[in-house]
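Right, I'll just put the structure down here and ask away after.
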Amino acid sequence: MEEKYHAHQIELKTQKLWEENQSFAADYDASKEKFYCLAMFPYPSGKLHMGHVRNYTIADVIARFQRKLGKNVLQPMGWDAFGLPAENAAIQNKIAPSDWTARNINEMKSQLQRLGFSYDWRRELTTSNPDYYRWEQWFFTRLFEKDLAYKKTASVNWCETDQTVLANEQVIDGCCWRCNNPVQKRDIEQWFIRITSYADQLLDDLDHLDHWPEQVKTMQSNWIGRSKGISVKFTTEDDHFIETFTTRPDTLFGVTYLAVALEHPISIAATDKNPEIARFVSSLNKTNNSEEDLATMEKLGIFSGFYAQHPLTQKPIPIWIANFVLMDYGSGAVMSVPAHDQRDWEFANKYSLPIKQVVEPNDNSLCDLKNGAFIDKGTLINSENFSGLNFSSAFEAIAEELQKKNKGTKTTNYRLRDWGVSRQRYWGTPIPIINCKSCGAVAVPEQDLPVILPTEVEFKGVSSPIKSMPSFYETTCPKCGILAERETDTFDTFMESSWYYARYACSSDKTAMLNSEVNYWAPVDQYVGGIEHAILHLLYARFFHKLMRDEGLIESSEPFNNLLTQGMVLKDGSKMSKSKGNTVDPQELIDRYGADTVRLFSMFAAPPEQSLEWSDSAVDGANRFLRRLWRLVVAHVEGGGDEGDLSNYDNLTSDQKNLRQKTHETIIKVSDDYERRQTFNTAIAAIMELCNEIARFKSENSTDRRIAGEALRSSVVMLEPIVPHICHYLWKYLNFGSDIEEASWPEPDKKALERETIEIVVQVNGKVRTRIKTPPEISKESLEEMALNEDNVQRFLEDVTIRKIIVVPKKLINIVAN
RNA sequence: GCCGGAGUGGUGGAAUUGGUAGACACGUCGGAUUCAAAAUCCGAUGCCCUUAAAAGCGUGCCGGUUCGAGUCCGGCCUCCGGUACCA
């Protein structure tokens, strides 16, 4: 055995062995309990960054731990290969997106292999490969036929100078990131998938996700935003209706104006009539489509000149055009109650609109509407014959009255909007639709799939090359045969990442999207990924799973049983990203210390769910521990080793008992940390403590060596999921050449855990005054007596009376006195 | 703005169900070893007073519940993530 630890040498040797033995290939085996462990696959942006290393190490630790428990573990890896950065690289560096992507995949794959992750590489998939996206296209045509996919106009960010659509992140302070010219909104036809039809299921099924973090479920629940209310109709002067939704029908008599979106028919009629309004509206048309900008921008509006009739009072209500009302969301109109809604209150004050109080606090206390709206539920006033009612009776009574007059109905509303999947970009899955002048939108027939995205392209300017490529879009209508044009838009890349986890079960099947093996592997037992995906990716994947279930492709209803959301790796206080230029290259660390040190460091630095502020200084310590561990094993083996006999542990000295006790306490602690708590940092700390004790322990005879050997073997096998290469070697030395990959998780020996004395904390009035050693089974009375006899307890009991004594068994005793 | 988190020594973090605040590391300081250095080993290390012991203070801020609060409740502050076309 080498005296010194040479990381690179043993890591490369071990990795070669794993590859030769196909150590991590996982196949269907009904006789074995399966465990499907998955980390979110990467976008191949160039090189791995620390966020990847953290993500993939966490998942690999769990996968390797589950193998030690004897399960049939599948851990696959692939590439979320479509996306915007490839196009930016193409424009900047004159390289085709497919070449750029392939190059990055190569680079990142070799980095993943160098880190020793236990993947079944036979199942690798790449979403930009037609073998993958053809099934996405096929599935979309199924949705289209079921009317779950449809087309409607929606607004995008348009840069007139570059003649292109911009993503929200490409709009900076209302201007294009490339040319810095102001961005406008533009309405175009786009494809949507009816996620709102699944809103109830997506919300209600959250209750069954017992092993998801509460915070993620709360965020998804708020995002879906189911609310019960009433849709109220206001009649316009030309006898049309303006529909508004409210969760507060009890405030209906307080409506003093309506606000409609810039694109609402009323606004269009007003701009046609009045050039002043037209100027105002076009001046507001510059904002970006993001919710954040919409919520924080200055709320502006203008009176449209039109009135609507209040459904119950029949009084005329002025209609205002306002920039904060969204046409894409709900009906594009809201009823405004400035007395009882803060946003309405601010708008009303700004434009001197009337504020009419119709609810008062239940305790009749005064509320001053000069300082803000009164938004609590209370008792109705100024509301004709509804005055005096509380919220819930007013809700019912007003709903009934509106229903009777045909002016409103009870409705459930969702904050969730349908999923817009069209992107006006090149590097994505072509939408498999042909637009025919006589038949309309026609799905590409199954036998004509896939619609292949041409990869030999050149970027002239910034717009998608396939939009100016007749060889791509010119075709004939599958229904009537006349000349027609393909969709040149591509899918949102969230489409690919919504079903890849299922495709791993059969990634090379050319005959079907999913086959029956998916029902063995799915659902994923452990999904690991960044908290930044808590809403969008995870909600779309849950939705897609239900769509696939309803298409008969999969049996389960949810894709991920256990979810671990890792915190971000931050540098200088914010998310590491290429655009911010604050990435740390893990390759330098691997070159310097080896993969095991990088893995150990990233698991030790913080618990997985917490964000981790990057620091280079602690890496050295991780490497020091591995060298120390190596030396401990060398010293043990060179000092005579042991026979691995675990049978006889009678008549031990107290040092021997103490080490055995520590070993088995550590096994219990580490098992719990790995399995239930998933806090690998504390598991490592516990093993470090055990190793510190081993180092202090003097092995002088064969019994000593057996006990030290047991402690070392336990440490090594429990570290294997985190630092598998070094443990592979150390295990061989400690176990006469056997392979650690075949070893199972250690079992604690209850007999080793028995203690002769324990320490009890003694408090007086909640402050620790001393600690006493007692046998574990001591009566309450004798414990109290012992505590009261302590000098440092007596001191604090002078001139006071003992009121009571609280005893927490085996922990503490608190004497309350005054 | 809205939704979800986080805040503990010089630093990363620990304290699992309301019960010993600071485990385990990093760093720093002191010592051993060495011709010297690296590596390694031993010791000290929240603040304050102190020769020492003991006491006092201390988990972002203010207040509350409790015998007892880092942990629970109310109100703030700061930072991070998401906010539907970044992935």
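Order of the sequence lines fixes the chain letters, A, B, ..., with proteins taken first and strands second; residue numbering starts at 1 for each chain. It should be emphasised that the depicted structure is a prediction, and the values quoted were computed from it without experimental measurement.
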Going by salt bridge (charged side-chain N to carboxylate O under 4.0 Å, His left out), name the residues that satisfy it together with A/Glu665, two or more places apart in sequence or in a different chain.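 For A/Glu665 the salt bridge (charged side-chain N to carboxylate O under 4.0 Å, His left out) partners, ignoring immediate neighbours, are A/Arg755.
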
Looking at residues at least two apart in the chain, or sitting in another chain, which of them share a side-chain contact (heavy atoms from CB on, under 4.5 Å) with A/Asn765?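 So A/Asn765 forms a side-chain contact (heavy atoms from CB on, under 4.5 Å) with A/Val816.
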
Who are the side chain to side chain donor-acceptor pair (under 3.5 Å) partners of A/Glu346, not counting sequence neighbours? A/Gln342

For residues 78-87 of chain A, which residues have at least one heavy atom under 4.0 Å from RNA chain B?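 Contacts with RNA chain B under 4.0 Å: A/Asp80, A/Gly83, A/Leu84.
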
With A/Asn623, which residues qualify under side chain to side chain donor-acceptor pair (under 3.5 Å), at least two apart?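 Testing A/Asn623 for side chain to side chain donor-acceptor pair (under 3.5 Å), a comparison that skips the adjacent residues, returns A/Thr597, A/Arg627.
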
Could you list the protein-to-nucleotides 7-12 of chain B atom pairs, N/O on both sides, closer than 3.5 Å?
| residue | atom | partner | partner atom | Å |
| --- | --- | --- | --- | --- |
| B/rG12 | O2' | A/Ala605 | O | 2.6 |

Tell me, for nucleotides 44-60 of chain B in 5' to 3' order, what letter each nucleotide earns: B for a base near a protein heavy atom under 4.0 Å, S for only sugar-phosphate near one, - for neither? ----------SSSS---

Selection residues 81-91 of chain A - residue pairs positive for salt bridge (Lys or Arg N to Asp or Glu O under 4.0 Å), sequence neighbours left out: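 Counting only pairs at least two positions apart or across chains, no salt bridge (Lys or Arg N to Asp or Glu O under 4.0 Å) contact touches residues 81-91 of chain A.
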
Strictly by salt bridge (Lys or Arg N to Asp or Glu O under 4.0 Å), give each pair with a member in residues 418-427 of chain A just once, sequence neighbours left out. A/Arg423-A/Asp492

What pairs with A/Tyr132 under side chain to side chain donor-acceptor pair (under 3.5 Å), at least two apart in sequence or on another chain? A/Trp499

Could you write out RNA chain B as dot-bracket? Rules: Watson-Crick or G-U wobble, both distances under 3.5 Å, brackets [ ] for crossings, | for pairs with another strand, dot for unpaired. (((((((..(((......[....)))((((((.......))))))((........))..(((((..]....))))))))))))....

Could you write out each protein N or O paired with an N or O of nucleotides 67-69 of chain B at a distance under 3.5 Å?
| residue | atom | partner | partner atom | Å |
| --- | --- | --- | --- | --- |
| B/rC67 | O2 | A/Asn814 | ND2 | 2.6 |

